[in-house]
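This report refers to the structure that appears directly beneath it.
Excluded from the calculations below are hydrogen atoms, water molecules and symmetry mates; all remaining heavy atoms, backbone and side chain alike, are included.
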Amino acid sequence: MSAVSDRLPTFPWDKLEPYKKTAAAHPDGIVDLSVGTPVDPVPELVQKALIDAADSPGYPTVWGTPALRDAITGWVERRLGARGVTHRHVLPIVGSKELVAWLPTQLGLGPGDRVAYPRLAYPTYEVGARLAHAEYEVYDDPTELDPRGLKLLWLNSPSNPTGKVLAKQELTRIVAWACEHGVLIFSDECYLELGWEADPVSVLHPDVNGGSYDGIVAVHSLSKRSNLAGYRAAFLAGDPAVLGPLLEIRKHGGMMTSAPTQAAVVAALGDDEHVRVQRDRYAARRTALRRALETHGFRIEHSEASLYLWATRDESCWVTVAHLADLGILVAPGDFYGEAGARHVRVAFTATDARVEAAVRRLA
């Protein structure tokens, strides 16, 4: 066991504990803007679907029910503009983090194989490569990478942590390069429905992939758009030649979404109104926090999508974390996401309206 854990970096959030204690000592309590975890209610129609499916004594299937596969294919075509998506093009997963962490292993990658991800990125991309004993590297422009031995290319648009969105023409250029060199693309699009100053586009859109899903898989989650982080509900869509073997591996591993959760996902993907309502909540919180941070002396960079503001005072991110902790506000240091984030902090706007208002007062 120690041999496996020794491959992994220190869990970054443990480093925040002293600052969390400082923030929690504030007379009005902590405003935790460090983790992008949903705090608003699960939509009622989703709760009802879960409850109605609660009597599920048998094992669920890894591939999901036909109703679930119908819901995913329908949503992918309706929302992402994909065409010709069949059941073979989709695969439910047990939350997107599980997939990110274990994908290189499930793909059979190992020593000598390379995994690449953005210079500022979700830490689990690196963790997945480490678990598989694969090599890993970061990029600013993936088309400048050496394609030899590059077995997995992670894209992330909208970005966590920066909120940066890759434009359609940029995605098209990257997909064409990967296709030319036989590089497998997994595109993490979990924040795609949370564009504010940009309209994020999926790699599944025909304008991006030319109508072919060869070597392309998109990762989507219901955690953010439907407040289902506690349900562990996500899915893949793309190349059947990639998803077919993953399905077989996941059958052997028992990586199955619970039957009640599958029913809840069907309800969530079939309703767009609750997504609009949740977007409106986040938009109001984002506007209030951005104004307060800028007034306080921060500069906001990128942040055109996702659930975060990428903020800087042109100082060490840990100095900024300490400063805000003294105000009872906890944020994530930018170096959690790579050395390039050493002078930024990531500020989530997933707190309740009351806690966001408290942060705004303190920043003033």
Check whether any side-chain N or O of [X] sits under 3.5 Å from a backbone N or O of [Y] as a donor-acceptor pair, and report yes or no.
X    : Y    : answer
E189 : S157 : no
T295 : R291 : yes
H181 : V183 : no
K48  : A264 : no
D271 : H274 : yes
R346 : F336 : no
N156 : N160 : yes
Q169 : V208 : no
S303 : E301 : yes
T352 : R355 : yes

Residues [X], [Y]: salt bridge by 4.0 Å N-O rule:
X    : Y    : value
D239 : R88  : no
D28  : R362 : yes
E197 : R290 : yes
R83  : E77  : no
D272 : R78  : yes
R130 : E126 : yes
R343 : D314 : no
R225 : E193 : yes
K21  : E17  : no

Can [X] and [Y] be counted as having a side-chain donor-acceptor contact under 3.5 angstrom?
X    : Y    : answer
H89  : T73  : no
Q262 : T257 : no
T143 : R173 : yes

Legend entry - Option from V90, L103, L247, L91 for which side-chain contact (heavy atoms from CB on, under 4.5 Å) with L236 holds: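 Among V90, L103, L247, L91, the one meeting side-chain contact (heavy atoms from CB on, under 4.5 Å) with L236 is L91.
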
Inset, instruction - From the options Y337, Y117, W13, select the one residue that forms a side-chain contact (heavy atoms from CB on, under 4.5 Å) with P123. - result: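 Of all the options given, the one that passes is Y337.
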
Any chance you could measure [X], atom [atom1], to [Y], atom [atom2], to the nearest 0.5 Å?
X    : Y    : atom1 : atom2 : answer
D199 : K168 : CG    : NZ    : 8.5 Å
L153 : Y125 : CG    : OH    : 10.5 Å
R313 : R299 : CZ    : CZ    : 12.5 Å
I30  : L330 : CD1   : CG    : 4.5 Å
L166 : E170 : CG    : CD    : 6.0 Å
S202 : D207 : OG    : CG    : 11.5 Å

May I ask you to check whether [X] and [Y] place their ring centers less than 6.0 Å from one another?
X    : Y    : result
Y191 : Y308 : yes
W196 : Y282 : no
Y122 : W154 : no

Closest approach of [X] to [Y] (non-hydrogen atoms, all atoms of both residues):
X    : Y    : result
S34  : A332 : O-CB, 3.7 Å
L109 : A134 : CB-CB, 4.4 Å
P38  : A229 : CD-CB, 3.8 Å
S223 : R232 : OG-NH1, 3.6 Å

Legend entry - D14 atom CG, neighbour heavy-atom count above 12 within 6.0 Å: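 Above 12, so yes.
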
Legend entry - Residues, nucleotides or ligands: over 12 heavy atoms within 6.0 Å of E273 CD: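 It does: E273 CD has more than 12 such atoms within range.
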
Does any part of the side chain of [Y], heavy atoms only, come nearer than 4.5 Å to the side chain of [X], both counted from C-beta?
X    : Y    : value
N209 : D214 : no
L171 : L155 : yes
I185 : V217 : no
L50  : Y231 : yes
D40  : R281 : yes

Give a yes or no on whether [X] and [Y] share a hydrophobic cluster (residues Ile, Leu, Val, Met, Phe, Trp, Tyr; joining criterion: side-chain heavy atoms under 4.5 Å apart).
X    : Y    : value
L307 : V360 : yes
V85  : V203 : yes
L184 : L145 : no
W177 : I216 : yes
V62  : I249 : no

Inset, instruction - Identify whether NZ of Lys or CZ of Arg in R285 sits under 6.0 Å from the centre of the six-membered ring of F349 and within 45° of that ring's axis. - result: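 No, R285 does not lie over the aromatic ring of F349.
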
Inset, instruction - Please report the C-alpha distance between H323 and D326 in whole Å, then the side-chain angles of each, then the deciding distance to 0.1 Å, and finally whether the side-chain hydrogen bond (donor to acceptor under 3.5 Å, both in side chains) criterion is met. - result: CA-CA 5 Å; H323 168 73; D326 287 339; 5.8 Å; no

Inset, instruction - Give me the ring orientation class for H87 and W63: parallel if the planes are under 30° apart, tilted from 30 to 60°, perpendicular past 60°. - result: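 Ring orientation of H87 relative to W63: perpendicular.
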
Inset, instruction - Report the relative orientation of the aromatic rings in W318 and Y19; use parallel for angles under 30°, tilted for 30 to 60°, perpendicular for over 60°. - result: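 It falls in the tilted class, 30° to 60°.
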
Inset, instruction - Please report the C-alpha distance between H344 and W310 in whole Å, then the side-chain angles of each, then the deciding distance to 0.1 Å, and finally whether the ring pair (Phe, Tyr, Trp, His ring centres under 6.0 Å) criterion is met. - result: CA-CA 7 Å; H344 290 74; W310 188 239; 5.0 Å; yes

